[in-house]
A.B. asks: 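Here you go, one structure.
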Amino acid sequence: MQIQAVRGFRDVLPGEVALWHKVEEIARSVLERYGFREIRIPILEKTELFSRSIGESTDIVEKEMYTFTDRSGISLTMRPEATAGILRAYIEHSLFQLEPVSKLYCIGPMFRHERPQKGRYRQFHQINAEVLGSSDPRTDAELLALLRTLFEELGLGELDFQLNSLGCPRCRPGFRSKVAEYLGSKKAHLCSDCQRRLMTNPLRVYDCKVATCKEALAGAPVILDELCQECGAHFLSVQKNLSLLGVPFSVNPFIVRGLDYYRRTTFEVVSSDLGAQNAVCGGGRYDGLIGELGGPDLPGIGFAIGEERLVSILQGRAGVPSFSLDLFLAALGEEATEKAFLYLDKARRLGLKAEMDLRGGSLKAQMRRANKLGSRRLLILGEDELSRGVATVKDMDGGTQVEIPLEELESAMAGWKEACSQRG
Ligand code: HAM
């Protein structure tokens, strides 16, 4: 029987990969311009790391983690997100001793056992960035400005930045009790999940997509009315600095986020091109978490972009990069094939993207293959060329054709490489 991929785990096929490369290349370039350095962390961590940071009563920890006991009897979890792992590494390697503020990013797969649908998978990829050691509201604005630059460079200047503040341990408990009291009076209208959340994590109701729950929230208390003086001033300063940097945003007091570690600034970047799963990016501040995980009492803020969702928006746009070759070598006859095979390797070592069809076949068939692969140049080495010691080289864009003596072929190929590099 044929074996298929695990539900919610998708293959990224070669036709799509060019777009992933483009996204990651631009992301790395922008992140590095804003002072971030890459960190690579393991996919497996001790389960406790996630339950302590993300929160026991979140959907992720309650029902979405891929958790198992390994052969030494330790409970391990495949990372559902990257923040916890980055903080663990930051604390474990005392990175806070190296720099007053650390800016770290990582790119890679995350795992959540959610119900798969368009834009929601069980293995998905995030571009994740964290700034550790600064509570300055300018840091929050700088991070959102980075996202603005990144999305602009990807040609997505229209995305909607939604901002909120979730307060701190001083002001949030008061808000939470008000929410619990308000929603208690609406209990009958809430879905069964939210009725349960009422007991464990009432703020999560703000995030529920069920229509009756949304209606029940119509007159609900708003966190921004309940912020303490410091949180209120911090939030205002974030907004002032965003305006200074020209980052457009809207305030949405319903951004509560699905992870418990957030304090103060939270945000989501939303696209109208996506369906129900419309958040391309989510993040926020988590002052206090580094200390709770056994590190120094330092503040932090970060975000994660969902790469599948980003790629899916870009797929609908023009200018999707396609795979193309610099050179295709077509050969006729055993001797010419052997020579072409050698030049193929030389071309690649010179830095050209080169290919030939090792099955041979007619010149026509080989030319069709060159066209299909979008090759810029076609090099023909037939018996006639071989006997005269030349290769015919055809420019597939302009249609012009020249003969190049075989002893000059390598330097000609080096020249093509030079031209490719200049063209970028
Ligand atoms: P999150 O909101 O859970 O935040 O995920 C961030 C982004 O990852 C989402 O906006 C979405 O684009 C993508 N994403 C999440 N789940 C899935 C899924 N099942 N399938 C496809 N894409 C998905 C975090 O993960 C936080 N760690 C972000 C953060 C970093 N906060 C501070 N630092």
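In listed order, ligands and their atoms are each counted from 1. Excluded from the calculations below are hydrogen atoms, water molecules and symmetry mates; all remaining heavy atoms, backbone and side chain alike, are included.
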A.B. asks: Near Gly283, which atoms of ligand 1 are under 4.0 Å from a heavy atom of that residue?
C.D. replies: 31 (N)

A.B. asks: So which bit of Val280 gets within less than 4.0 Å of ligand 1, heavy atoms only: side chain, backbone, both or neither?
C.D. replies: backbone

A.B. asks: Is the closest side-chain heavy-atom distance between Val238 and Leu242 below 4.5 Å?
C.D. replies: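 Result yes, sub-4.5 Å side-chain heavy-atom pair found.
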
A.B. asks: Check this for me - ligand 1, Glu114, N or O atoms closer than 3.5 angstrom, yes or no?
C.D. replies: yes

A.B. asks: Under 4.0 Å between a Lys/Arg side-chain N and an Asp/Glu carboxylate O for Glu268 and Arg257?
C.D. replies: yes

A.B. asks: Any idea which protein heavy atom is nearest atom 30 (C) of ligand 1, and the distance to it?
C.D. replies: Thr83 OG1, 3.0 Å

A.B. asks: Taking CD in Glu92 as the centre, count heavy atoms belonging to other residues, nucleotides or ligands within less than 6.0 Å. Is the count above 12?
C.D. replies: yes

A.B. asks: Specify the protein heavy atom at minimum distance from atom 23 (C) of ligand 1: its residue, its atom name, and the distance to 0.1 Å.
C.D. replies: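 Ranked first by proximity to atom 23 (C) of ligand 1 is Phe124 CD1, 3.4 Å.
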
A.B. asks: Using a distance-only test with no angle check, is there a side-chain donor-acceptor pair under 3.5 angstrom linking Thr200 and Ser57?
C.D. replies: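 Per modelled atom types, Thr200 and Ser57 side chains form no pair under 3.5 Å.
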
A.B. asks: Are any of the heavy atoms in Glu308 under 4.0 Å away from ligand 1?
C.D. replies: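 Per 4.0 Å heavy-atom rule, Glu308 does not contact ligand 1.
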
A.B. asks: Select the closest option to atom 24 (C) of ligand 1 among Arg10, Gln117, Arg112, judged by heavy-atom distance.
C.D. replies: Arg112

A.B. asks: Would you indicate whether the side-chain heavy atoms of Phe235 and Pro137 approach each other to under 4.5 Å?
C.D. replies: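 SC-SC contact between Pro137 and Phe235 ruled out.
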
A.B. asks: May I ask you to decide if Pro80's main-chain N or O and Arg112's side chain share a donor-acceptor pair within less than 3.5 Å?
C.D. replies: yes

A.B. asks: Identify, for atom 9 (C) of ligand 1, the protein heavy atom at the shortest distance, and state residue, atom and that distance.
C.D. replies: Ala279 O, 4.0 Å

A.B. asks: Could you check whether any heavy atom of Arg257 sits closer than 4.0 Å to an atom of ligand 1, since that is the contact criterion I want to use?
C.D. replies: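 Yes.
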
A.B. asks: Under 3.5 Å, is there a donor-acceptor pair linking the side chains of Glu16 and Trp20?
C.D. replies: yes

A.B. asks: State whether Asp273 and Arg309 are salt-bridged, where the test is any N-O pair (Lys NZ or Arg NE/NH1/NH2 against Asp/Glu carboxylate O) under 4.0 Å.
C.D. replies: no

A.B. asks: Nearest protein heavy-atom contact for atom 7 (C) of ligand 1: which residue, which atom, what distance?
C.D. replies: Ala304 O, 3.5 Å

A.B. asks: Is Lys103 paired with Glu142 through a side-chain N to carboxylate O contact shorter than 4.0 Å?
C.D. replies: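 Counted as a salt bridge, because a side-chain N and a carboxylate O are separated by less than 4.0 Å.
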
A.B. asks: Distance under 4.0 Å to a non-hydrogen atom of Leu259: what atoms of ligand 1 satisfy this?
C.D. replies: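 Once the distances to Leu259 are compared, the set is 3 (O), 4 (O).
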
A.B. asks: Are any of the side-chain nitrogens in Asp326 or Lys353 under 4.0 Å away from the carboxylate oxygens of its partner?
C.D. replies: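 No, Asp326 and Lys353 are not salt-bridged.
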
A.B. asks: Should the pair Arg317-Glu158 be classified as a salt bridge under the 4.0 Å nitrogen-to-oxygen rule?
C.D. replies: yes

A.B. asks: Is it the case that the side chain of Tyr121 and the backbone of Gly119 share a donor-acceptor pair, with hydrogens and angles ignored and the cut-off at 3.5 Å?
C.D. replies: yes

A.B. asks: Looking only at heavy atoms of Gly258, does any of them come nearer than 4.0 Å to an atom of ligand 1?
C.D. replies: no

A.B. asks: Measure Tyr261 to ligand 1 on non-hydrogen atoms and call it side chain, backbone, both or neither using the 4.0 Å cut-off.
C.D. replies: side chain

A.B. asks: Can you list the ligand 1 atoms lying under 4.0 Å from a non-hydrogen atom of Asn128?
C.D. replies: 30 (C)

A.B. asks: At a 4.0 Å threshold, what atoms of ligand 1 neighbour a non-hydrogen atom of Gly119?
C.D. replies: 20 (N), 21 (C), 22 (N)

A.B. asks: Grab the two heavy atoms, one from Asn278 and one from Gly275, that are nearest each other, plus how far apart they are.
C.D. replies: CB-O, 3.5 Å

A.B. asks: Does ligand 1 have a heavy atom under 4.0 Å from the side chain of Arg309, from its backbone, from both, or from neither?
C.D. replies: side chain

A.B. asks: For atom 13 (C) of ligand 1, find the nearest protein heavy atom and state the residue, atom name and distance (0.1 Å precision).
C.D. replies: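 Nearest protein contact, heavy atoms only, for atom 13 (C) of ligand 1 is Gly306 CA, 3.6 Å.
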
A.B. asks: Which atoms of ligand 1 have any heavy atom of Gly282 under 4.0 Å away?
C.D. replies: 10 (O), 28 (C), 29 (C)

A.B. asks: Taking atom types as modelled, find out whether Thr83 and Tyr261 have a side-chain donor-acceptor pair closer than 3.5 angstrom.
C.D. replies: yes

A.B. asks: Side chain or backbone of Tyr262 under 4.0 Å from ligand 1, or both, or neither, by non-hydrogen atoms?
C.D. replies: side chain

A.B. asks: With a heavy-atom distance limit of 4.0 Å, tell me whether Glu130 approaches ligand 1 through its side chain, its backbone, both, or neither.
C.D. replies: side chain

A.B. asks: Give me the residue, atom name and distance of the protein heavy atom closest to atom 20 (N) of ligand 1.
C.D. replies: Tyr121 N, 3.0 Å

A.B. asks: Residue-level breakdown please: for Gln126 versus ligand 1, do any non-hydrogen atoms fall below 4.0 Å on the side chain, on the backbone, on both, or on neither?
C.D. replies: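 The side chain, only.
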
A.B. asks: With atoms numbered from 1 as shown, which atoms in ligand 1 lie under 4.0 angstrom from a non-hydrogen atom of Glu81?
C.D. replies: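 Those atoms are 25 (O), 26 (C), 27 (N).
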
A.B. asks: Could you tell me whether Pro80 approaches ligand 1 through its side chain, its backbone, both or neither, with non-hydrogen atoms closer than 4.0 Å?
C.D. replies: neither

